[in-house]
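One structure is given below, encoded as structure tokens.
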Amino acid sequence: MNEFSNRREFLRAAAMTGAGLALSKRLLGAPEKSVLVFTKSSGFEHAVVKRVDGKPSIMDDTVTELGNKHGFTVGVTKDGRIFDSKEFHSYAALVFFTTGDLTTLGTDGKPPMSAKGKQALLDAVHGGKGFVGVHAASDTFHTPPDTPENRYVAHGEQQDSYLKMLGAEFITHGREPRLQDANLIVNDPKFPGLEGVTSPVSFNEEWYSLKDFTPDLHVILTLDTNGMKGEPYQRAPYPVTWERMHGKGHVFYTAMGDRPENWKNEFFLNVLGGGIRWAIGDAKAESDVNLKQAAPGYAEIPPKFPPAQK
């Protein structure tokens, strides 16, 4: 999908891009719901959201395929100006895989979100629009100042408003190894897409270590840190997939999704598909608060990496 040089073309294409919509394959009789995949990278740009030679990204294609399967349509964009448009309000839910301060031009050079657009996003979710955050959505709008030291500070009520909505903030991930197998504890086996899954589930990923969990989370998956390698995981088990209500809006987040290979993994796709379906109101799920029961040590902050040897 190309970025758009004039506003009229941008608004039309962001809502109806051929890469994002495949109405001919939509399930017959399914309610006509649409989601907007937003993948601006003001910080690090992950492989799964990169567009090579103008072609849709791995995430663009995969979420579109999920829409074909489950009966929702998909629009895709990296252009932050969408949040200042009327078309933004036509989507039932948003799916974010983003990094950094989205109100800045940043790494990918795509038009940034305005401060007004950020508030429009938060207000829309609070008013009932669904929100799905994938992996680096928690590496977005870090509570300032965004310094290595501040990443290890729990900010509580001073946390950025976007992160409060999302449910937690990224601290860091492992280095050696960056990827590793770990066990996921299934806290809600009735969540859409997890029916019949036996806990624990072994999964290979770049595991995010997270902090400042919003107290009202309904935890779906917890990372079992026992036996994991690296400073980020020298802590008690903590949530890596959850949902919560933000006002009237359904908010879902999963820390999975870094590895391109995982975008073909049935377990991950079922979890992500379930999250999207719940966010747009097409699937039911429990929303009771279970953070303290699922992860009693959730508030632990892991040790920092040792200083690099000179």
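For reference, positions follow the sequence shown, starting with 1. Keep in mind it's a predicted model, so treat the numbers as computed, not measured.
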Is it the case that the side chain of [X] and the backbone of [Y] share a donor-acceptor pair, with hydrogens and angles ignored and the cut-off at 3.5 Å?
X      : Y      : result
Ser42  : Thr104 : yes
Ser85  : Ile82  : yes
Lys33  : Ile280 : yes
Ser57  : Arg51  : no
Asn262 : Asn265 : no
Glu205 : Gly257 : yes
Lys40  : Lys110 : yes
Asp216 : Val289 : no
Thr98  : Ala137 : no
Lys78  : Phe38  : no

I need the [X] [atom1] to [Y] [atom2] distance, nearest 0.5 Å.
X      : Y      : atom1 : atom2 : result
Asp288 : Asn290 : CG    : CG    : 5.5 Å
Tyr162 : His142 : OH    : NE2   : 10.0 Å
Lys190 : Asn187 : NZ    : CG    : 14.0 Å
Leu184 : Phe203 : CG    : CZ    : 7.5 Å
Ile185 : Asp188 : CD1   : CG    : 14.0 Å
Thr241 : Phe268 : OG1   : CZ    : 9.0 Å

Margin query: For Trp207 together with Tyr233, are the ring centres under 6.0 Å from each other?
Written below: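 So the answer is no for these two rings.
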
Next item on the list: Establish, yes or no, whether a centroid distance under 6.0 Å links the rings of His46 and Phe44.
Entry: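 Between His46 and Phe44, the centre distance is under 6.0 Å.
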
Check: Residues in side chain to side chain contact (heavy atoms under 4.5 Å, CB included) with Ala285, at least two apart?
Finding: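 Here the qualifying residues are Phe191, Pro192, Glu243, Trp278.
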
Notebook entry, point to check: Who are the side chain to side chain contact (heavy atoms under 4.5 Å, CB included) partners of Asn183, not counting sequence neighbours?
Noted result: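 Listed in chain order: Pro200, Ser202, Asp224.
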
Check: After noting the C-alpha distance and the side-chain angles of Thr172 and Arg151, does the key distance pass the side-chain hydrogen bond (donor to acceptor under 3.5 Å, both in side chains) rule?
Finding: CA-CA 8 Å; Thr172 189; Arg151 291 281 184 94; over 6 Å; no

Are the side chains of [X] and [Y] in touch, meaning some heavy atoms are under 4.5 Å apart?
X      : Y      : value
Val63  : Ile276 : yes
Leu94  : Val35  : no
Pro302 : Gln234 : no
Asp181 : Met228 : no
Val271 : Met256 : yes
Phe96  : Val132 : no
Gln159 : Glu169 : yes
Val37  : Thr77  : no

Check: For His135 and Tyr208, what are the C-alpha separation, side-chain angles and deciding distance, and is it a ring pair (Phe, Tyr, Trp, His ring centres under 6.0 Å)?
Finding: CA-CA 8 Å; His135 193 58; Tyr208 274 11; 4.0 Å; yes

Salt bridge [X]-[Y], side-chain N to carboxylate O under 4.0 Å:
X      : Y      : value
Lys164 : Asp212 : no
Arg81  : Asp79  : yes
Asp123 : Lys129 : no
Lys50  : Glu45  : no
Asp84  : Lys116 : no

Indicate whether any N or O donor in one side chain lies under 3.5 Å from an N or O acceptor in the other, for [X] and [Y].
X      : Y      : result
Glu286 : His218 : no
Tyr253 : Ser138 : yes
Arg235 : Ser209 : yes

Notebook entry, point to check: Got a sec, which hydrophobics cluster with Ile171, joining ILVMFWY side chains under 4.5 Å apart, including via others?
Noted result: Tyr152, Ile301, Phe305

Which donor-acceptor pairs under 3.5 Å do the side chains of residues 291-300 make with protein atoms, sequence neighbours left out?
| from | atom 1 | to | atom 2 | distance (Å) |
| --- | --- | --- | --- | --- |
| Glu300 | OE1 | Ala236 | N | 3.0 |

Next item on the list: I would like to know whether Asp60 and Lys55 meet salt bridge (charged side-chain N to carboxylate O under 4.0 Å, His left out); could you show each step before the answer?
Entry: CA-CA 9 Å; Asp60 292 341; Lys55 297 178 181 178; over 6 Å; no

Next item on the list: Sequence neighbours left out, what pairs pass ring pair (Phe, Tyr, Trp, His ring centres under 6.0 Å) with at least one residue falling in residues 47-66?
Entry: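 Listed once each, the pairs would be none.
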
Note to self: My understanding is that only residues two or more places apart in sequence, or in another chain, count here; which of them pass side chain to side chain donor-acceptor pair (under 3.5 Å) with His155?
What the structure shows: Asn150

Check: Do Phe252 and Phe131 pass the ring pair (Phe, Tyr, Trp, His ring centres under 6.0 Å) test, and can you show the C-alpha distance, the side-chain angles, and the key distance before you say yes or no?
Finding: CA-CA 6 Å; Phe252 170 88; Phe131 186 93; over 10 Å; no

Margin query: Are Phe213 and Met245 linked, directly or through intermediate hydrophobic residues, by side-chain heavy-atom contacts shorter than 4.5 Å (ILVMFWY only)?
Written below: yes

